[in-house]
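Read through the structure below, which is laid out as structure tokens, and then see the notes.
None of these values were measured; they are calculated from a predicted model.
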Amino acid sequence: HVDNGVHSSGIVPGRMDAFLFPGMECMPRERRIREAAIWQPTRNMTMANDKDANKGTPVSGGITRRDFLRLGAAGAAAGLAGWRTSAWAAGSDAPEKKEVKIGFIPLTDCASVVVASELGFDKKYGIKITPTKEASWAAVRDKLVNGELDAAHVLYGLIYGVQMGTGGPKKDMAILMNLNHNGQAITLSNKLKEKGVTDGKTLKTLVDKEKREYTFAHTFPTGTHAMWIYYWLGAHGINPFADVKTITVPPPQMVANMRVGNMDGYCVGEPWGARAIFDKIGFTAITTQDIWKDHPEKTLGTRLEFVQKNPNTARAMTAAILEASKYIDTMANRPKVSQIIAQKAYVNTEESVIEGRMKGEYDNGIGKTWKDANYMKFYNDGKVTFPYLSDGMWFMSQHKRWGLLKEDVDYLAVAKQVNQLEMYKQAAAMAKVPLPKDPMRSAKFFDGVTWDGKNAKAYAAGFKVRV
């Protein structure tokens, strides 16, 4: 069999045998065959050829090609006849766990988890989502790893940090879907503005000219915000590990820490960039979408063990949040979404602080206002939510660049293990979400460097500023 990089479950795929999902190995043999036929996804995504597949070669679970020829058609017919598009009924595909605790940090991009619960998208798929507000990303990590949380709205890079043992205790993790693109920002203090700093270039001039300890904050060492601010500093010739000091601060505490002078700048998700401007203590130097248009950000993350033990629950949870993502990306719904997540139980700030940038209305605090076409997106016809393998690989490449990952790894193999593409495809079929044709994507960053995932090792080593 040929593995084309699409399959993340560790199963070597043929055609119909590629679609066995975690937990099937515990099923009786004939039911495994029927389930595989039922879950054969649409062919929007290129699948592997199986020219070398022998008719009697056993595949996952001891099923042979002959078995599929004998039972595949009947199983598919039975599955399609019983396909449920509106709600899960009791039976073999009922969620193993009916109530799930999903952790979140008070940020605008927790919206899809909150909306799935608040507006009842979870009930459609036979589960109850309970969003639980957490104090820091370290707390989210710890509760995910020890099982206090079933899943979380969580930084892409945090999941990979735990997977590789660079961001806490090593544990096999899983990304079920990406939650949002764009919508973070790098904020600099008014004290820097008074020194003539308005962007990365003028910051570099000041750092070279006026020697002192400059402090910049992110939200978690292997997380997205750390990688955005490191990349931005590095692109301007500032080494985040040698030329300035970097610290970790929980997102809701960023503004208070800048107000008392504990930092010169920070990178965090909205609404805490807008809040600094609202409170007149800082300004936006750059948005993250101007670093990488449509960059990955938060994920629906969990432990691999949870997916393996609760495949139906994981699938239902993903489908419910996909539906919520569609709802949020209808622009007419954003005022209502802002109202929901502004509540004390969630982000706990003024609706207006959330709604402006959520609708793409930006003010950088130093005289520039604009309508940003690359505002925070949650769906975008399925382009946002798909867990591209190349996105996971990019975070590992940056972890290697900055010395967090000590050795190069098989970047693609790790991404295939973490990003649950098969599970996502099944959930996408339930929620009627289109799939991209390729699990890899490319992007040109603001410094002119292109990332396409083809040679992560060379990419990580190719930056002039690195550890």
Side-chain angles (χ1 to χ4, degrees), residues 107-109 180-207 214-219 224-238 240 244 246 249 251-295 297 331 334 338 342 347 349-377 445-448:
L107 292 160
T108 302
D109 52 29
N180 66 295
H181 284 168
N182 309 327
Q184 324 296 296
I186 293 174
T187 301
L188 299 182
S189 70
N190 283 344
K191 286 201 300 184
L192 289 182
K193 182 177 67 175
E194 291 163 7
K195 295 279 188 178
V197 175
T198 57
D199 54 19
K201 184 179 178 181
T202 49
L203 176 64
K204 168 65 173 170
T205 299
L206 181 66
V207 169
Y214 294 86
T215 302
F216 295 90
H218 54 70
T219 64
T224 56
H225 305 116
M227 298 308 111
W228 308 142
I229 200 164
Y230 293 172
Y231 197 101
W232 180 72
L233 289 168
H236 291 291
I238 301 170
V244 297
T246 57
V249 175
Q253 297 176 26
M254 288 292 190
V255 174
N257 274 275
M258 180 171 277
R259 183 179 288 112
V260 299
N262 286 346
M263 62 182 74
D264 296 286
Y266 63 74
C267 183
V268 73
E270 295 300 345
W272 307 121
R275 184 80 216 195
I277 294 163
F278 183 84
D279 289 354
K280 296 181 169 53
I281 63 166
F283 65 95
T284 298
I286 191 170
T287 65
T288 51
Q289 56 263 34
D290 282 342
I291 295 174
W292 175 2
K293 177 187 170 183
D294 294 338
H295 66 78
E297 183 53 39
M331 195 57 72
R334 293 213 167 187
S338 300
V347 181
T349 193
E350 290 84 351
E351 290 172 39
S352 60
V353 174
I354 295 172
E355 187 178 334
R357 290 194 171 186
M358 204 179 192
K359 290 162 63 176
E361 297 165 358
Y362 277 78
D363 178 342
N364 71 353
I366 52 173
K368 180 185 176 185
T369 59
W370 72 100
K371 185 78 171 176
D372 199 328
N374 302 314
Y375 54 86
M376 186 184 290
K377 296 177 183 176
F445 283 62
F446 82 118
D447 58 355

pair [X]-[Y]: side-chain heavy atoms closer than 4.5 Å:
X	Y	result
Thr187	Val268	no
Tyr266	Ile229	no
Met376	Thr108	yes
Tyr375	Arg334	yes
Leu206	Tyr214	yes

Identify the two heavy atoms, one from [X] and one from [Y], that lie closest to each other, and give their separation to 0.1 Å.
X	Y	answer
Leu233	Pro240	CD1-CB, 4.0 Å
Trp272	Val255	O-CG2, 3.6 Å
Thr219	Pro251	CG2-CG, 3.7 Å
Val249	Met263	CG2-CE, 4.0 Å
Ser189	Met258	N-CE, 3.7 Å

Drop me the distance from [X]'s [atom1] to [Y]'s [atom2], to the nearest 0.5 angstrom.
X	Y	atom1	atom2	answer
Asn374	Asp294	CG	CG	5.5 Å
Met331	Met358	CE	CE	9.0 Å
Thr288	Trp232	OG1	CH2	12.5 Å
His181	Asp109	NE2	CG	12.0 Å

Can you list everything that forms a side chain to side chain donor-acceptor pair (under 3.5 Å) with [X]? Sequence neighbours excluded, please.
X	result
Tyr362	Gln289
Thr349	Arg275
Thr202	Asp199
Gln253	none

Donor-acceptor check, side chain of Asn190 to backbone of Lys280, threshold 3.5 angstrom: yes or no?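 Judged by distance alone, yes, a pair lies under 3.5 Å.
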Any side-chain to backbone donor/acceptor pair from Arg357 onto Asp363? Under 3.5 Å, distance only.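 A pair under 3.5 Å: yes.
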Report the residues that fulfil salt bridge (charged side-chain N to carboxylate O under 4.0 Å, His left out) with [X], sequence neighbours left out, ordered by chain and then residue number.
X	answer
Lys293	none
Lys204	Asp208
Glu297	none

What do the steps show when you test Ile186 against Ile291 for side chain to side chain contact (heavy atoms under 4.5 Å, CB included), and what is the final call? CA-CA 10 Å; Ile186 293 174; Ile291 295 174; 4.1 Å; yes
Working for side chain to side chain contact (heavy atoms under 4.5 Å, CB included), residues Gln184 and Leu107: CA-CA 10 Å; Gln184 324 296 296; Leu107 292 160; 5.6 Å; no
Kindly determine whether Phe216 and Leu188 satisfy side chain to side chain contact (heavy atoms under 4.5 Å, CB included), including the steps that lead there. CA-CA 9 Å; Phe216 295 90; Leu188 299 182; 3.8 Å; yes
Under the rule for ring pair (Phe, Tyr, Trp, His ring centres under 6.0 Å), what residues qualify as partners of Phe283, not counting sequence neighbours?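 Residues passing ring pair (Phe, Tyr, Trp, His ring centres under 6.0 Å) with Phe283: none at all.
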Sorted by chain and number, sequence neighbours left out, ring pair (Phe, Tyr, Trp, His ring centres under 6.0 Å) with His295 holds for Trp228
Sequence neighbours left out, what passes side chain to side chain contact (heavy atoms under 4.5 Å, CB included) with [X]? Give chain and number order.
X	answer
Asn364	Thr284, Ile366, Lys368, Trp370
Ala226	His218, Tyr230
Glu361	Lys359, Lys371

Quick one: do Asn182 and Thr287 satisfy side chain to side chain contact (heavy atoms under 4.5 Å, CB included)? Show the steps, please. CA-CA 8 Å; Asn182 309 327; Thr287 65; over 6 Å; no
Kindly check if the number of other-residue, nucleotide or ligand heavy atoms within 6.0 Å of NZ (Lys195) is above 12?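 No, NZ of Lys195 has 12 or fewer neighbouring heavy atoms, counting only those of other groups under 6.0 Å.
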